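These numbers come from a predicted model, not from an experiment.
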Protein chains: 2
Amino acid sequence: MERMTRQRSAIESSVQQAGRPLLPQEVLQLAQQAVPGLSIATVYRQLKALVDEGALRAVQLAGDPPRYEPAAHGHHHHFQCTRCQRVFDMHGCPGNLAHLAPAGFVVEDHEVTLYGRCADCAPGPRTRAGRRRATA
Amino acid sequence: MERMTRQRSAIESSVQQAGRPLLPQEVLQLAQQAVPGLSIATVYRQLKALVDEGALRAVQLAGDPPRYEPAAHGHHHHFQCTRCQRVFDMHGCPGNLAHLAPAGFVVEDHEVTLYGRCADCAPGPRTRAGRRRATA
DNA sequence: TTGTATGCAAAGCGTTTGCAGTGAT
DNA sequence: ATCACTGCAAACGCTTTGCATACAA
């Protein structure tokens, strides 16, 4: 079975603690803080293994490379900031989408993604100079 | 400006007449019926140019490479068959999605994709043996 | 004639994989 | 002592790009 290596736990906990879906490169950078010599190949291998085991889920959107998040988060959708490109979780689900499909089509699943400005990048009166970026 | 070459018109009309978003490889195959020597590099170059000019739109979903459709189709969403992987247009739009975003987030756009079985690949009573695949 | 568009092949880029060495069990 | 895991580098698949030629204007 799977062995508990420093690499594996560093990769898994990076994703578990991130609070938003992470790119493989972001996982590498975070996990390298715990395991300096960590290679990108191991990140890819472990991310794939963790997805297969059901610990993580791949979030694929709009031509971007896949991001990874804890599978425990349950059904939800995502919001991508058009300025900083980061992806955030959204709670709630529009539901009742099956009627959009053409006649004779069977709907099994759905994906909803919103695009716009995250709280940090939003324009207008709420903008404060010097606001720090959300936890990476 | 853009020159009207055989390659360009073959590529554009392939996408215009397809009836569903096409992958670059599919565009190549269709356009090669009109221009046998057509190269994949030219397909990529022209697809990019046509998107920049506003004639086509790129449809990007779930880790797949981008597909291309006529920009004239207006706002709509897509359905991807989990069996044949083809992508189809859906008319209609759930609307009222902005409330899903976290407080302070500004929604500018949205993307909705349904997954399931297309009419050709649907299970159950409608299935007929020997049914031919829809026009590729 | 002029310069963009093309075809070919090489280069990129993110991801995957073969291999021999490392280290968890 | 095993044998899965790791790092490295080569291999991959898709897309882009450099370059000399072809051809639309």
Side-chain angles (χ1 to χ4, degrees), chain A residues 1-15 18 21-69 80 85-87, chain B residues 1-16 18 21-69 80 85-87 136:
Chain A
M1 283 318 304
E2 306 80 34
R3 292 182 179 178
M4 181 47 56
T5 62
R6 290 176 306 136
Q7 290 85 343
R8 178 186 174 85
S9 61
I11 289 165
E12 177 160 18
S13 66
S14 292
V15 177
L22 296 182
L23 294 168
Q25 284 297 339
E26 294 175 311
V27 174
L28 177 66
Q29 289 171 17
L30 283 177
Q32 278 184 338
Q33 296 176 10
V35 184
L38 181 62
S39 77
I40 188 66
T42 295
V43 171
Y44 280 110
R45 277 188 283 233
Q46 285 294 355
L47 287 176
K48 180 171 196 171
L50 289 163
V51 168
D52 290 346
E53 294 163 28
L56 302 183
R57 178 191 300 125
V59 177
Q60 314 228 79
L61 14 137
D64 283 16
R67 291 172 169 81
Y68 296 84
E69 67 180 6
Q80 182 168 35
Q85 315 303 325
R86 289 181 302 170
V87 174
Chain B
M1 282 316 306
E2 306 80 33
R3 293 182 180 180
M4 182 47 56
T5 62
R6 291 176 306 136
Q7 290 86 344
R8 179 186 175 84
S9 61
I11 290 166
E12 177 161 17
S13 64
S14 293
V15 178
Q16 294 288 354
L22 296 182
L23 295 167
Q25 284 297 338
E26 295 176 309
V27 174
L28 177 67
Q29 290 171 16
L30 284 176
Q32 278 184 335
Q33 296 176 10
V35 184
L38 181 63
S39 76
I40 187 65
T42 296
V43 171
Y44 279 110
R45 277 189 283 233
Q46 285 294 355
L47 287 175
K48 180 171 195 171
L50 288 162
V51 168
D52 288 347
E53 295 162 27
L56 302 183
R57 178 190 301 125
V59 178
Q60 315 229 93
L61 9 139
D64 285 15
R67 293 171 168 82
Y68 296 84
E69 67 180 4
Q80 181 168 35
Q85 314 304 324
R86 290 182 301 171
V87 174

Distance-only check: which donor-acceptor pairs under 3.5 Å involve side-chain atoms of residues 28-36 of chain B, not counting sequence neighbours?
residue, atom, partner, partner atom, Å
Q32(B), NE2, L38(B), O, 2.8

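- Close to dG7(D), at under 4.0 Å from its OP1 or OP2, lies a side-chain N or O of T42(A).
- Counting non-hydrogen atoms under 4.0 angstrom, I40(B) reaches nothing in the nucleic acid.
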Next item on the list: Take nucleotides 18-25 of chain C nucleotide by nucleotide from the 5' end and write B, S or -, depending on whether a protein heavy atom sits under 4.0 Å from the base, only from the sugar-phosphate, or from neither.
Entry: B----BBS
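- Put simply, CG on L28(A) is 13 Å from P on dG14(C), counting in whole angstrom units.
- Listed by chain and number, the residues in a salt bridge (Lys or Arg N to Asp or Glu O under 4.0 Å) with E69(A) are R57(A) (sequence neighbours excluded).
- Atoms CG and OH, on L56(A) and Y68(A) in that order, are 9.0 Å from each other to the nearest 0.5 Å.
- Every residue two or more places apart in sequence or in another chain was checked for a side chain to side chain donor-acceptor pair (under 3.5 Å) with S13(B), and none qualifies.
- The CG-C1' distance, from L38(B) to dA5(C), rounds to 12 Å in whole Å.
- Here the P atom of nucleotide dT17(C) and the CG atom of L47(A) are 14 Å apart, to the nearest Å.
- At whole-Å resolution of the value, CD1 in I11(A) and P in dC5(D) are 12 Å apart.
- OP1 or OP2 of dT6(D) lies within a sub-4.0 Å distance of a side-chain N or O belonging to Q7(A).
- Between the CG atom of L50(A) and the C1' atom of dA4(D) there is a distance of 15 Å, given to the nearest Å.
- Distance CD/Q46(B) to CD/E12(B): 9.0 Å, rounded to 0.5 Å.
- As a whole-Å value, the separation of Q32(A) CD from dG7(D) C1' is 12 Å.
- Listed nucleotides dG7(D), dA5(C), dT6(D) differ in distance to Q46(A); the shortest reach to its side chain belongs to dT6(D).
- In this structure, E12(A) atom CD and dC5(D) atom C1' are separated by 16 Å, rounded to whole Å.
- One finds no side-chain N or O of S39(A) lying less than 4.0 angstrom from the OP1 or OP2 phosphate oxygen of dC8(D).
- Atom-to-atom, NZ of K48(A) to C1' of dT16(C) comes out at 8 Å; the value is rounded to the nearest Å.
- In terms of the salt bridge (Lys or Arg N to Asp or Glu O under 4.0 Å) criterion, residue partners of R8(B) (sequence neighbours excluded) are, by chain and number, E53(B).
- Scored by the side chain to side chain donor-acceptor pair (under 3.5 Å) test, T42(B) finds S39(B) as partners (sequence neighbours excluded).
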